[in-house]
Amino acid sequence: MSPATPNNLKNKENLKSFVFCYYVSGHGFGHATRVVQVASEILALPRAISNGAKYRHALIDAGVKQPLAYTVDRDQTIHDLQAFMFRRKEMLDRETNWLREVKADIVLSDAPFLPCAAAAAIGIPSSIVSNFTFDAVYSGLYQDGEKIDTSIKKLINQVITDYKKSELLVRLPGYIPIPSFAGTQLYPEPKISTVQSPKKLNGFSTKNGIKTLKKVNRRVIDVPLVVRKCKTPREIVLDNLGIPSNVYKTHKILLVSFGGQNIESIDRWGSLMPEGWIAIACGSQGVEGKVLPKCFYKCPVDAYIPDLTNAADVVMGKLGYGTCSECIGHAKPFIYVPRPQFIEEKGLKRLMETQGSCIEMPKEDFESGKWKNYILRAYNMPGKCQDSSKRLTHDGGEIAAKILEQFLDDHLAMVKIETTRSPQVTNVTDLFVGSNGGIIPTPSSNFYTEHTIHVFLFAIYLSGSPLTFFQRLFALLSNIFVMATAIETNNNNAIDGHVTDGHDLIKKHHGEIIYESNGFVAKIHRKDSQLNRRAVNTYTDLWKEDRKDLSNKDETIKKRREQAQTMTNAFYDIVTDFYEYGWGESFHFARTYKGDTFEQSIKRHEQFLALKLGLNEKHRTLDVGCGVGGPLREIIRLSGAHVTGLNNNGYQIERCKAYAKKLGLESKTDYVKGDFTDMTRELDGKFDSAYAMEACVHSPKLEIVYGEVFRTLKPGGLFCTFEWVTTPKYDENNPEHKKIIFDIEQGNSIPSLSSHTQALEAAKKVGFEVLEHQDHAILEDSNEPWYNTLKGTISLSGFRMTRVGRWLTHKFVASLEFLHLVAPGSTDVASFLNKTADALVLGGEREIFTPMMYILLRKPKET
Ligand SMILES: CC(C)=CCC[C@@H](C)[C@H]1CC[C@H]2C3=C(CC[C@]12C)[C@@]1(C)CC[C@H](O)C[C@@H]1CC3
C-alpha cells in the first residue's frame with residue numbers, strides 16, 4: 001500500500017475521503033471494546049488522516065434479553081426478534097438512507113445483521129468482524145433435540161440472508177460456526193503476520209453498474225486476538241481505588257467482573273473469600289447502591305477493565321469476549337459462571353482453555369457464595385498458553401485494520417477501473433486478469449496515492465442499561481479521540497486531539513522531511529500552524545495545575561502517567577527542531593573531561609555504551625527511545641552492529657530515516673514505531689543487547705519500560721542505560737528541591753522522576769541482574785560539571801546552548817512568530833526550553849539530580 005505522497009496531500013482536490021460505518025451491537029460490552037481497538041487501528045493506518053470518530057445511537061438489532069448476567073429469557077428474546085423483524089423493512093430503509101446521507105464507503109459490523117443488508121442495498125461493501133453471529137445465538141436458544149417453531153426458523157433464515165450480503169468475515173478468535181459463511185473459503189491461511197500485509201482479497205463482479213463480490217469469492221480471514229491492554233501500573237490502579245497499600249501488598253486480589261450486568265445476589269454474600277484475599281467488584285449497575293461483603297472494594301462505572309485485570313490475581317465473570325481476551329492478554333486465570341443458553345460460549349471456552357486458563361463455577365455455587373476452592377484452584381493455574389507454538393499473538397486489531405483497508409482498496413480499484421474504462425475498450429483482459437472465476441484488477445502503481453482514509457465511526461446500543469453502556473462506550477471512544485489525528489481535511493473540518501501517528505500527518509505538521517543538518521528557521525517556518533499550536537497546548541495543558549500549586553502533585557502525576565505516551569509524543573513534536581538546532585543530533589548529556597569539546601564528550605558517551613555492551617558486527621541491538629538517531633549512528637559506525645531504533649514519535653523516526661539514507665547506513669538499521677511501554681510481541685527475544693540513552697524517564701514507571709526491554713532480549717542479553725534520576729541529596733520536603741525537580745519534569749516530559757534506588761529496584765523487580773551502576777555526574781579531578789554546557793561557557797560552536805545564546809534564540813523566534821513567519825507556539829517552546837535549561841543547571845548545581853546514572857543489566861541466562 002503506497003502512502004499518500006506529499007504532493008497529493010498538498011493538492012487537496014486530490015484527497016478522497018472515506019467514510020467507515022462501524023455498527024456495534026449492544027449485546028455485551030465486549031463488542032464495544034474490540035470495535036474501539038479495530039477502529040483505533042484503522043485511524044492509525046499509515047495513510048489514515050482522520051477527522052475523528054462520531055457516534056450515533058440507533059436500534060439496529062434485536063439483541064438478547066438477559067435478566068441476570070448469566071441467564072437468558074428465551075421467550076422475551078424471541079419476542080423481541082419477532083418485533084424487530086416486523087419492522088425490518090422500515091429499519092432497513094432508515095439505514096440505507098442514513099448510509100447514503102453520510103456517503104458511506106464501507107460498512108463494518110460487530111455483529112448486527114441488518115447493516116450488511118443495508119450496505120448491499122446501496123452497493124457498498126460490508127464486512128463482519130466478529131466471533132459469532134446472531135443467527136447462531138437464536139438457534140442456540142433451543143437445546144439439543146428441541147423443535148424450533150417454523151415461524152422462528154423463518155426469522156432466523158432472514159437473519160442469515162442478511163449476513164450473506166457481506167463479502168468478508170474477519171473472524172475473531174473464540175469463534176463458533178458462522179452459518180452465513182459456511183463452506184466459504186478460508187483465506188489465505190489461518191494466521192497473517194503483522195509484518196506482511198494481507199494479500200489481495202479481490203474478486204468483484206459488476207451487475208447493472210453495482211459492484212459486488214462474486215459469491216464464490218466471499219472470504220473468511222482469521223485474525224489473532226483483538227485485545228485491550230492495561231495502561232496504568234498496578235500500584236496506581238489500586239491506589240486510585242482507595243485500597244490501602246499495606247492491604248494490596250499483603251493480599252491477593254480477585255476481580256469480579258460481569259461486564260456491566262446485574263449481579264443480583266451481591267449484597268447477600270457472606271464471607272466468601274479465602275484468607276488473605278480481597279475482591280474488586282466492577283462498578284456496574286450490579287453493585288451500585290449495594291452494601292458489598294467484607295473485603296470487597298468497588299470500582300467506578302467507567303473504570304478501564306484491562307487495568308483492573310492486570311492488577312488482579314484471578315478474575316471471575318462470564319465467558320464474554322472482552323473478559324476472555326483481557327484475561328489471556330494479561331495472563332490471568334479466569335473463573336466463569338456458565339450460561340448454557342449462550343451458544344457463543346463454546347468458542348470462548350475453547351479459546352480460554354487453549355490460550356489461557358479457566359475453571360467453571362456452577363451458578364449454584366456462585367449464588368451460594370461457595371467461592372473459596374475455585375479461587376484457590378484458579379490461583380494455581382498459569383493463566384497463559386503453555387505451548388508457545390500454539391500461542392496466538394495479540395495484534396488482531398492491527399491486522400484486522402490492514403485487512404479491511406485492503407478490502408476497501410480492492411473495492412475501490414474495481415470502482416476506479418469501472419469508471420475510467422472507456423466504452424470503446426473491448427479487450428478487457430488488458431485490464432483484468434482472471435483468476436478462480438473472479439476478476440483481479442491491475443491498478444496502476446500510483447493509484448492508491450490519491451486516497452486517504454477518513455474514519456467515521458457509528459455505534460449502536462441495544463441491551464443492558466443505556467446509561468452504563470453509554471458511559472463506558474463514551475470512555476472507550478475517548479481513547480480513540482486521544483489517538484485520532486488532528487488534521488484539517490479536504491473540506492477543512494474542525495479537528496480534535498493530537499497524535500503524530502500516520503505518515504501523512506507527520507508531513508502535514510512538519511512539512512517534507514529531508515536530511516538537513518541545519519535549516520532551523522526553515523523547519524519551524526514550514527510547520528502547520530494549527531497542528532503546532534495544538535501540540536504545544538496538548539503538552540503544556542498537562543502541567544497547568546502544578547504550575548500554579550505543587551501541593552496536589554500526586555493527582556497530576558497520575559494524570560501524566562496515564563497520558564505519558566500522548567504527552568511525550570506532543571513534546572517531541574514541538575522540541576525536536578529546537579534540540580537539533582541547539583544541541584545536535586544526540587539528545588543527551590555527557591560526562592565532559594577537561595579539554596574536551598562538546599562533540600567529543602557526546603561521542604565518547606555513546607561509545608561508552610557500545611564498549612559496555614561488547615558490540616560487534618554480529619550483534620543485533622535495540623535503541624530504546626532512539627530520538628533522531630545520533631547515538632544509533634555512532635554506535636553502528638563504531639561497532640558494525642545492527643541497531644533497531646524504537647521510538648513512538650513519527651517525526652523523529654522520519655528524521656532517523658532521512659539521516660540513515662543520506663549517510664549510507666540504511667542496511668545497518670531499521671526502526672519500529674511503537675510505545676516502549678507496550679512493545680510488539682514480534683520483538684520478543686530478538687536482541688543480543690539493548691540500550692537507552694536518557695529515554696526511560698518518559699515512561700510512567702521505570703519497571704514498565706524495563707519489563708518490556710527484558711522481553712526483547714535473548715537470555716544472557718545486556719541492557720545498558722543512562723538514567724535521569726534524583727540523587728540521595730534530594731529532599732522532597734525541601735520546597736526549593738521540589739520546585740527544581742518539578743521544573744525538570746515539566747521541561748522534559750517526565751511524568752515523575754524516580755530516585756536512583758528506585759531505578760535499581762525496578763530493574764531487579766522485572767528480573768534483571770544488576771552488573772554495574774555509577775553516577776557519571778559525580779565530579780572527579782579530570783571532569784567538568786555536565787551542566788556547564790547549558791550554563792554559559794561560551795565557545796563559538798556551543799554558543800546556542802549558553803544562556804545568552806538561548807535568550808537570543810528566544811527573542812529571534814518571538815520576532816518571527818510576531819511576523820507570522822513561524823508556526824504559532826514556537827515562542828512558547830523557546831521560552832519553556834530556556835526555563836528547562838535553568839532548572840537542569842540548578843538540579844546539577846544542588847547535586848539533587850543526575851541525567852547520567854549509568855546502569856548495566858543482564859537478563860539471566862536461564863530465563
Ligand atoms: C528530554 C530528555 C530526556 C533528554 C534530552 C536532554 C538534552 C539533550 C536536552 C535537555 C534540555 C534541552 C535544551 C536544549 C537542547 C537539548 C537539551 C539540552 C536547548 C539548548 C536547545 C536550543 C534552545 O534554544 C534552548 C534549549 C535549552 C534546553
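What you see below is based on every heavy atom in this structure, not just the backbone, and it leaves out hydrogens, waters and symmetry mates. Remember, it's 1-based here, ligands and their atoms both numbered in the order they're listed.
- The residues Lys603 and Asp596 are annotated as not salt-bridged, no charged nitrogen and carboxylate oxygen being separated by less than 4.0 angstrom.
- The distance between the ring centers of Phe722 and His588 does not fall below 6.0 angstrom.
- The six-membered or imidazole ring of Tyr730 lies away from that of Phe849, with a centre-to-centre distance of 6.0 Å or more.
- Counting heavy atoms of neighbouring residues, nucleotides and ligands inside a 6.0 Å radius, atom OH of Tyr579 exceeds 12 of them.
- Residue-environment remark: CD (Glu732) stays at or below the threshold of 12 foreign heavy atoms within 6.0 Å.
- The residues lining ligand 1, counting any heavy atom closer than 4.0 Å, are Tyr572, Phe578, Tyr579, Gly582, Trp583, Phe587, His588, Phe589, Glu694, Val697, His698, Trp724, Asn748, Arg806, Thr809, Leu833, Ala837, Leu840.
- Around NE2 of His810, the count of heavy atoms belonging to other residues, nucleotides or ligands within 6.0 Å exceeds 12.
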